[in-house]
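One structure is given below, encoded as structure tokens.
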Amino acid sequence: TVRWEIHDDKTQYKDAISEAAKLLRDGETVAFPTETVYGLGADATNADAVDKIFAAKGRPQDNPLIAHVGSKAQLKKLVQHIPEYVEQLMDTFSPGPITYVLYSNGTCSDKVTAGQDTIGVRIPDHPIALELLQTCNIPIAAPSANISGRPSPTTANHVWDDLQGKIAGLLDGGPTGVGVESTVIDCTQEIPIILRPGGISKEQLEEVVGEVKTDPALVNDQLKPKAPGMKYKHYTPDVPLWLVDGSDEAIQLLIDKERGKNKRVAFFARDARCHGMTADDIVPLGENVGQVATRLYDALRKYHASEMDLIICEAFAKEGIGDAVMNRLEKAASQFLTDIPNE
Ligand code: TXA
Ligand code: MG
């Protein structure tokens, strides 16, 4: 795996990106930063290239990939019809952390769409990603650049830990910004439907287009999600994680009880909630849920199984980006405790 360090050395920027673009055009895989998480890219029109993504990640074949493009003009070349509300959403949020699911016109390989008639398309808002996409001038299929099931990568080192030796290249552009993945929206219906909450919140979408629905499978385990990826367990840390909703006193009692069983317990919470708490490790995730989003995946990768026995993490309000943070935490958690006793 070639690794280009281009986060502070701007002199190598152009050369590194043109080498990476050449690898992509030659049917190889290259990981690159986006504003959400690192993606593992390959030529979306080349089935053999796309196969290499599934092989490197150990990803189930029935889970479609997002096609990344560098401009609206390029996006339009991959899909059939663009509804008026998608034009409005694109004008406001693209480039940005939003993916539109539209009817494919067949330009991208069936491997990308997992045989469906729709394709997810997105324009990432990151200078390296945009420069790379514009340089190779082909649609790039890119899932998050992690081993399937693990937390998504928000630094180049996360990618390196998971995929070193299994991919052709890695553009190290430093830590990503948003920290959780793009919002995936089904745009094949009259009213848009959120299939995966992400960097753009439901509230933000509604400000632009009025009514927005949410795939009912996101809140009902009995239903089959429309985004195939949402049915898989994901973001699993090496150490069991309990998501906990309760007062500071109740959470402290729970921590004490588990430590009393000889377990080493880490506590994850917003900065303000960390003060005055006692545990084997206290991990402040930021002042607000937006900062929590940026640090979450790094925190989920913090311990190997031998280093900690349990992570207890506070639950957040499902508002704004808190919706995406809670969606990821509910998948990462082995338990969600909502009624813990105060004494
Ligand atoms: O922020 C992101 O979206 C990152 C960066 C790298 O761009 N990418 C990402 O890709 O999260 P991935 O493959 O990890 O997640 C894509 C999600 C999956 O849940 C997948 O099932 C869904 O989008 N998806 C993709 N194409 C779809 C389609 N045609 N119909 C329904 N769901 C689709
Ligand atoms: Mg992923």
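Note: hydrogens, waters and symmetry copies are ignored here, and every other heavy atom, side chains too, is used. Atoms within a ligand are numbered from 1 in the order they appear, just like the ligands themselves.
Counting heavy atoms from C-beta outward, Lys57 and Lys166 have side chains that stay 4.5 Å or more apart.
Under the 4.5 Å side-chain heavy-atom criterion for Ile, Leu, Val, Met, Phe, Trp and Tyr, Phe267 and Met308 are members of distinct hydrophobic clusters.
Looking only at atom types and distance, the side chain of Thr155 has no donor-acceptor partner in the side chain of Asn157 under 3.5 Å away. For the 3.5 Å distance criterion, the side chains of Asp62 and Tyr232 qualify, holding a donor opposite an acceptor. With 3.5 Å as the limit, one finds no donor-acceptor pair spanning the side chains of Asp323 and Ser201. Donor-acceptor pairing under 3.5 Å is lacking for the side chains of Glu211 and Tyr85. One side chain, Thr36 or Arg122, offers a donor N or O that lies under 3.5 Å from an acceptor on the other. Between the side chains of Asp256 and Gln252, at least one donor N or O lies within less than 3.5 Å of an accepting N or O.
With a 4.0 Å heavy-atom cut-off, ligand 1 is reached by the side chain of Arg59 but not by its N, CA, C or O. If you look at Thr36 next to ligand 1, the close heavy atoms, those under 4.0 Å, all belong to the side chain.
Within the listing of ligand 1, atoms 1 (O), 2 (C), 3 (O) sit less than 4.0 angstrom from a heavy atom of Ser182. Interface atoms of ligand 1 facing Asn63, defined by a heavy-atom separation under 4.0 Å, are 18 (C), 20 (C), 21 (O). Listed by atom number, the atoms of ligand 1 under 4.0 Å from Ile119 heavy atoms are 29 (N). Ligand-side atoms of ligand 1 in range of Arg122: 1 (O), 2 (C), 3 (O), 5 (C), 7 (O), range being under 4.0 angstrom from any heavy atom. Annotation for ligand 1: atoms under 4.0 Å from non-hydrogen atoms of Thr118 are 28 (C), 29 (N), 30 (N). Which parts of ligand 1 touch Val184 is read off a 4.0 Å heavy-atom cut-off, strictly below it: atoms 23 (O).
Closest to atom 33 (C) of ligand 1 by heavy atom, among Ala129, Pro225, Pro64, Gly115, is Pro64. Across Ala227, Pro97, Pro143, heavy-atom proximity to atom 10 (O) of ligand 1 is greatest for Pro143. The residue among Ala114, Ala142, Gly39, Gly179 with a heavy atom at the shortest distance from atom 8 (N) of ligand 1 is Ala142.
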Would Arg295 and Thr154 count as a side chain to side chain donor-acceptor pair (under 3.5 Å) if you check the C-alpha gap in whole Å, the side-chain angles of each, and the deciding distance to 0.1 Å?
CA-CA 8 Å; Arg295 297 189 200 162; Thr154 49; over 6 Å; no

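In this structure, Pro228 counts as a contact residue of ligand 1, since one of its heavy atoms falls inside 4.0 Å of the ligand. Heavy atoms of His68 approach ligand 1 to within less than 4.0 angstrom.
Here the protein heavy atom with the shortest distance to atom 11 (O) of ligand 1 is Arg196 NH1, 3.0 Å. Among protein heavy atoms, atom 31 (C) of ligand 1 sits closest to Lys226 O, 3.4 Å. Residue, atom and distance of the protein heavy atom nearest to atom 14 (O) of ligand 1 are Ser144 OG, 3.2 Å. When hydrogens are left out, the protein atom nearest atom 19 (O) of ligand 1 is Gly229 CA, 3.4 Å; that is the closest non-hydrogen contact.
Looking at Glu181 next to ligand 1, no N or O pair under 3.5 Å apart turns up. An N or O contact shorter than 3.5 Å is missing between Ile66 and ligand 1 by distance.
Coordination check, Ser144 versus the Mg ion (ligand 2): passed, since an N/O/S atom of the residue sits under 2.8 Å.
A salt bridge links Lys261 with Glu258; the closest basic N to acidic carboxylate O contact falls under 4.0 Å. A salt bridge does not link Lys302 with Glu307: none of the charged nitrogens is closer than 4.0 Å to a carboxylate oxygen.
In terms of modelled atom types and a separation under 3.5 Å, the side chain of Arg59 and the main chain of Pro64 share a donor-acceptor contact.
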